[in-house]
There are 2 protein chains.
Amino acid sequence: MGLSKSDFFSEEQNELAAMLKALGHPARVAIMQFLVKQSSCICGDIVDVIPLAQPTISQHLKELKAVGLIQGTISGNAICYCVNPDKINFLQAAIGEFIPLNQACDPNSSCC
Amino acid sequence: MGLSKSDFFSEEQNELAAMLKALGHPARVAIMQFLVKQSSCICGDIVDVIPLAQPTISQHLKELKAVGLIQGTISGNAICYCVNPDKINFLQAAIGEFIPLNQACDPNSSCC
DNA sequence: ATTCTTTATCGTAATATTGCAATATACAAA
DNA sequence: TTTGTATATTGCAATATTACGATAAAGAAT
C-alpha cells in the first residue's frame, strides 16, 4: 500500500524511523555533512554544492527540518540552517541500542 | 522522478544513506529491536511479534539483509537472523560525525 | 517603485515503497 | 512419499518519494 501501519508501532519507533528515514537519502546526507563542515550556520549556498535544482534542495531541507535534525532561522534575505546536536545525540544513542550486548552467537559462528 | 541522482554522490554517502533508509521504517526498527532483545539469534517468530503478514516481514528482512545490518543463516528448517554489530558501529560513528564540533552559533542564539 | 536575490510552494511526471494474497521452495517429520 | 512448517518470490494495487519547471513571497539594494 505504500503506507506503513504506523498505528501499531510505538511513538518512539515511529519517531526514530522518521529521523532515520529523513537521513536515508544521499542528498540529505550530503546536506548534513556540508552543514557540519561549515561548523557555523552561514548558509544559503547549499544549492551550489549539490547538483540538484533549488526546489529539490528546499524540499530536502524541509524534510530534515520536519524531524528536527536541522533548524533554520531567517537572517535578513537568506535563511540560516544549522544542525541540531540534541537530535543527533538522540539518534546516535538509539542506534547504539541496536548493538547486541551479549549475542549468543557471533557472526562467524556456525549459526550467524 | 522518485529516483535519486546517486551517481553524483560518493560511495560513502550512498552506502550510509542506504543503511539509514533501511532503518527508516517502524517495522524495521521493531525488527532490529526484537533481534537485539533476543540477544541470540534463535529466530523465526518475528511474524508473531509484528502485526504484518509473513511476506511483508520477509520483505523487510530482505532489505535489512541487503545493507548488511542483519545476517541470516539457514538452520535446518528455519532461518536464523542476527544483528551485525560491525555495521551498527559504522552507522553510529557516521551519525556521530553529524555533530558539529565547534558550531559558531548554538541553537538558542539569535542565529539558530 | 523597481529590480535582484533568496527561499518556498504548486503542479506534475517518473519512479519507489509498502502490503498482502497466492504460490513456490526447501527442509523436517511422519 | 506425503504432510507439515518456515521462509521466499511473484504479481499487483495503493500510496509515497523524488525531481524540477513555473511561480510566488519576502526582504535587500538600487
Side-chain angles (χ1 to χ4, degrees), chain A residues 1-9 13-14 17-31 34-35 41-67 70-82 111-112, chain B residues 1-9 13-14 17-31 34-35 41-67 70-82 111-112:
Chain A
M1 289 185 204
L3 180 58
S4 62
K5 286 187 167 181
S6 52
D7 291 355
F8 165 76
F9 302 104
Q13 286 170 330
N14 282 318
M19 291 177 64
L20 290 164
K21 186 180 184 181
L23 288 177
H25 189 287
R28 296 195 287 268
V29 165
I31 287 173
F34 177 72
L35 287 184
C41 41
I42 306 148
C43 311
D45 33 20
I46 302 176
V47 181
D48 304 328
V49 179
I50 296 171
L52 291 173
Q54 178 269 323
T56 308
I57 299 284
S58 183
Q59 204 172 261
H60 283 308
L61 287 168
K62 192 179 179 182
E63 278 183 72
L64 290 171
K65 228 187 328 183
V67 295
I70 65 175
Q71 284 172 298
T73 40
I74 300 170
S75 165
N77 205 5
I79 290 194
C80 197
Y81 284 108
C82 60
C111 173
C112 290
Chain B
M1 288 185 206
L3 180 56
S4 62
K5 287 186 164 181
S6 52
D7 292 355
F8 165 75
F9 302 104
Q13 287 170 329
N14 282 318
M19 290 177 65
L20 290 165
K21 186 180 184 180
L23 289 176
H25 190 287
R28 296 194 287 268
V29 164
I31 287 173
F34 177 72
L35 286 184
C41 42
I42 306 147
C43 311
D45 32 19
I46 302 176
V47 182
D48 303 328
V49 178
I50 295 172
L52 291 172
Q54 180 268 324
T56 307
I57 299 283
S58 182
Q59 205 171 260
H60 284 307
L61 287 169
K62 193 179 179 183
E63 279 184 72
L64 289 171
K65 227 187 329 182
V67 295
I70 65 175
Q71 283 173 298
T73 40
I74 300 169
S75 166
N77 205 5
I79 290 196
C80 199
Y81 284 108
C82 60
C111 173
C112 290

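In what follows, chains carry the letters A, B, and so on, assigned in the order in which the sequence lines appear, proteins first and then strands, with residues in each chain numbered from 1. No experiment lies behind these values; they were computed from the predicted model shown.
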Could you tell me which residues satisfy side-chain hydrogen bond (donor to acceptor under 3.5 Å, both in side chains) with A:Q59, sequence neighbours excluded, listed by chain and number? none
For A:Y81 and C:dT6, is the shortest distance between a side-chain N/O and OP1 or OP2 below 4.0 Å? no
Let me know the distance between CD1 of B:I46 and P of D:dA8, rounded to the nearest Å. 9 Å
In chain order, what residues pass the side-chain contact (heavy atoms from CB on, under 4.5 Å) check against B:A53, with sequence neighbours excluded? B:P55, B:T56
Can you sort out the partners of A:K62 under side-chain contact (heavy atoms from CB on, under 4.5 Å), two or more places apart, ordered by chain and number? none
B:I57 CD1 - D:dA8 C1' separation (whole Å): 14 Å
Nearest-Å distance, CG (B:L64) to C1' (D:dA8)? 16 Å
Is A:K62 close enough to D:dA19 that one of its side-chain N or O atoms is under 4.0 Å from OP1 or OP2 there? no
Reading DNA chain D from 5' onward, which residue's closest nucleotide shows up sooner: B:T56 or A:R28? B:T56
Take B:F34 and B:D45 through the test side-chain contact (heavy atoms from CB on, under 4.5 Å) and record every step on the way to the result. CA-CA 10 Å; B:F34 177 72; B:D45 32 19; 3.7 Å; yes
For the side chain of B:K21, counting heavy atoms from C-beta on, which of D:dC20, C:dG19, C:dT17 is nearest? C:dT17
On DNA chain C, nearest-nucleotide positions of A:Q59 versus B:G24: which is more 5'? A:Q59
Figure out the CG/P separation between B:L61 and D:dA8, and round it to whole Å. 7 Å
Counting only side-chain nitrogens and oxygens, does B:S58 get under 4.0 Å of the OP1 or OP2 atom of D:dA8? yes
So, OP1 or OP2 of C:dA16: does either fall under 4.0 Å of a side-chain N or O from B:H25? no
Across nucleotides 21-30 of chain D, 5' to 3', mark each nucleotide with B, S or - according to how protein heavy atoms within less than 4.0 Å reach it. BB----BS--
Salt bridge (Lys or Arg N to Asp or Glu O under 4.0 Å) partners of residues 17-28 of chain B, not counting sequence neighbours, each pair once: B:R28-B:E63
Under 4.0 Å between a side-chain N or O of B:H60 and OP1 or OP2 of C:dT17? no
Parallel, tilted or perpendicular: ring planes of A:H25 versus A:H60, cut at 30 and 60 degrees: tilted
Only counting residues at least two apart or in another chain, list the ones meeting side-chain contact (heavy atoms from CB on, under 4.5 Å) with B:A22. B:L64, B:V67, B:L69
